[in-house]
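Worksheet: one structure, shown below.
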Protein chains: 2
Amino acid sequence: MADTPRARARAETTEQIKQIARRHLAAEGPNLSLRAVARDLGVVSSAVYRYFASRDELLTALIVDGYTSMADRVEVAEAAAPRRDLLGRWLALGNAMRDWSLANRHEYGLLYGTPVPGYAAPQTTIEPATRPVQLAMAILRDGVERDVIEVPKDRLPGPVRADVERVGAAPGFAGVPPTLIARAFSVWAQLFGTISFELFGRLTNGVTDYDAYFDHQLRVMARYLGVVR
Amino acid sequence: MADTPRARARAETTEQIKQIARRHLAAEGPNLSLRAVARDLGVVSSAVYRYFASRDELLTALIVDGYTSMADRVEVAEAAAPRRDLLGRWLALGNAMRDWSLANRHEYGLLYGTPVPGYAAPQTTIEPATRPVQLAMAILRDGVERDVIEVPKDRLPGPVRADVERVGAAPGFAGVPPTLIARAFSVWAQLFGTISFELFGRLTNGVTDYDAYFDHQLRVMARYLGVVR
DNA sequence: TGACGTCGAGAGCAGTGCTCTCATCGGTGC
DNA sequence: GCACCGATGAGAGCACTGCTCTCGACGTCA
């Protein structure tokens with residue numbers, strides 16, 4: 001805790017390990033070898049265990065960092081758009097998510113791909129993981145409050161309505177009406193579906209201009225959310 | 001090739017290996033060990049290499065089987081719905097995909113999750129992989145031909161329209177107008193996004209009644225496609 | 001019957017995650 | 001200033017992995 005030289009050295013080494021691990025992650029995917037990381041650090045493998053109790057713990061650290069890094073980028077991009085330009089904010093959010101994902105494909109796989117078996121994401125991951133969601137909700141809330149987003153009158157099945165109302169009572173969702181939250185759920189799945197498809201190569205032979213394609217998808221989603229300007 | 005006893009024995013052993021591998025896959029995920037499979041078969045590990053040149057080749061075989069198994073199930077379910085009931089056919093298709101995915105989560109992860117690094121899906125996988133898509137297109141084509149699906153008048157950005165027209169020229173897509181294909185792309189991403197979210201646990205704390213939730217999503221998608229009855 | 005080809009066993013190589021023990025060396029309390 | 005303690009890294013070692021190679025056995029076909 002204290003900012004002793006010891007603690008500083010430790011923090012630095014920890015950061016170095018994560019740095020190297022991230023490089024390996026980018027180079028050869030999530031099968032990164034702790035021993036190889038140790039070699040790159042110029043240290044014997046057992047030394048790394050002074051900093052991370054297991055390979056899983058290292059991966060977890062990378063995951064937390066990943067969520068945070070993505071959320072940071074998304075928030076910065078969204079903040080750059082004029083507050084009153086809801087569509088611009090939404091496009092900024094969506095494009096930032098895609099850009100980050102393309103630039104960090106393997107990390108994206110770690111965050112949103114097949115979960116590693118026998119591995120449960122610890123509590124620490126959920127806070128940064130929800131930040132982009134919160135941000136999207138903020139856009140919707142602004143729109144509703146300023147009356148530029150029309151509240152959809154969808155008739156929701158009982159259980160869905162119940163779920164969506166419960167979610168709506170949570171802190172970050174206040175001010176967004178249930179029917180809109182329901183639509184946001186659909187859109188969110190669509191957003192990640194689209195990114196995953198592109199990243200995992202499920203659109204080859206189908207799409208050639210990915211930029212245009214993704215922009216179009218974002219606009220389709222925006223229209224469904226009532227975010228038109 | 002010939003149906004000699006030799007060839008039969010070989011085919012049987014091959015099938016046994018895949019069977020055991022599938023069990024391991026279900027039990028402990030894609031990190032299945034070839035040696036462990038060999039042990040379960042009561043055979044030394046090198047013997048398995050007589051049947052599969054590498055672990056990757058085994059996984060590939062499982063993947064092909066997976067696509068086929070899913071497609072079979074989906075086709076059977078869809079075929080059970082009355083031909084004129086487009087919505088029923090769509091719901092059958094979607095629910096079958098989800099059911100299969102829930103029943104074979106790890107296989108789903110193999111097929112649609114993070115791709116294994118350094119592993120490229122061979123040609124053999126693409127045919128069975130597209131069967132559900134073809135089926136969805138058949139539903140849309142029927143609807144358009146019978147004039148119960150209204151062709152959307154969406155204005156598509158140039159590159160998107162070009163892509164979608166090119167796709168529309170492919171065999172399985174004939175008879176489905178470009179704007180509808182574009183919508184189908186969106187829906188397909190949404191469908192897999194929704195299934196992945198459920199399977200990978202991204203909806204915990206959000207959704208409690210998954211059946212109702214998924215049914216609702218399918219109907220939202222149907223409406224967007226103009227499949228209303 | 002003989003030859004060939006398939007098959008499984010076994011040993012072995014290089015690599016992995018992780019544990020344990022042992023020396024070293026730096027910071028802290030007296 | 002000194003002695004101690006705890007953090008650190010090295011090294012050996014265990015059990016495991018994918019994969020290769022060699023060798024003997026055995027069935028099949030000419």
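Proteins get letters first, then strands, A, B, ... in listed order; numbering begins at 1 in each. These figures come from a predicted structure and were not determined experimentally. Note that these values count all heavy atoms, side chains included, but never hydrogens, waters or copies made by symmetry.
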Identify whether any heavy atom of [X] sits under 4.0 Å from a base atom; if not, whether one sits that close to sugar-phosphate; answer base, sugar-phosphate or nothing.
| X | answer |
| --- | --- |
| A:L58 | nothing |
| A:R35 | base |
| B:V43 | sugar-phosphate |
| A:S45 | base |
| A:S54 | sugar-phosphate |

Legend entry - Residues A:R22 and A:E15 bridged, charged N to O under 4.0 Å: yes

Inset, instruction - In plain terms, say whether B:R161 and A:D209 are close enough for a salt bridge, that is, a side-chain N and a carboxylate O under 4.0 Å apart. - result: no

Nucleotide [N], atom [atom2] - distance to [atom1] of [X] in whole Å:
| X | N | atom1 | atom2 | answer |
| --- | --- | --- | --- | --- |
| A:D56 | C:dT16 | CG | C1' | 14 Å |
| A:L59 | C:dC18 | CG | P | 10 Å |
| A:F52 | D:dT8 | CZ | P | 13 Å |
| B:E57 | D:dT20 | CD | P | 11 Å |

Looking only at the side chain of [X] (C-beta and beyond, no hydrogens), which of the listed nucleotides [options] gets closest?
| X | options | value |
| --- | --- | --- |
| A:L34 | C:dC20, C:dG17, C:dA9 | C:dG17 |
| B:R55 | D:dT8, C:dA9, D:dG18 | D:dG18 |
| A:R50 | C:dT19, C:dC22, D:dG18 | C:dC22 |

Inset, instruction - Please test B:T114 against A:Y108 for side-chain hydrogen bond (donor to acceptor under 3.5 Å, both in side chains), starting from the C-alpha separation and ending with a verdict. - result: CA-CA 9 Å; B:T114 324; A:Y108 176 87; over 6 Å; no

Does a side-chain N or O of [X] approach OP1 or OP2 of [N] to a distance below 4.0 Å, or not?
| X | N | answer |
| --- | --- | --- |
| A:Y51 | D:dG9 | yes |
| A:R10 | D:dG6 | no |
| B:S33 | D:dT17 | yes |
| B:R39 | D:dT17 | yes |

Legend entry - A:R183 to A:Y224, cation-pi by 6.0 Å centre distance and 45° axis angle: yes

Inset, instruction - Between A:A53 and A:A36, name the one whose nearest nucleotide on DNA chain C is closer to the 5' end. - result: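 So the residue in question is A:A36.
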
Inset, instruction - Mind listing the closest non-hydrogen atom pair of B:E78 and B:A92 along with its distance? - result: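 The answer is CA-CB, 4.0 Å.
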
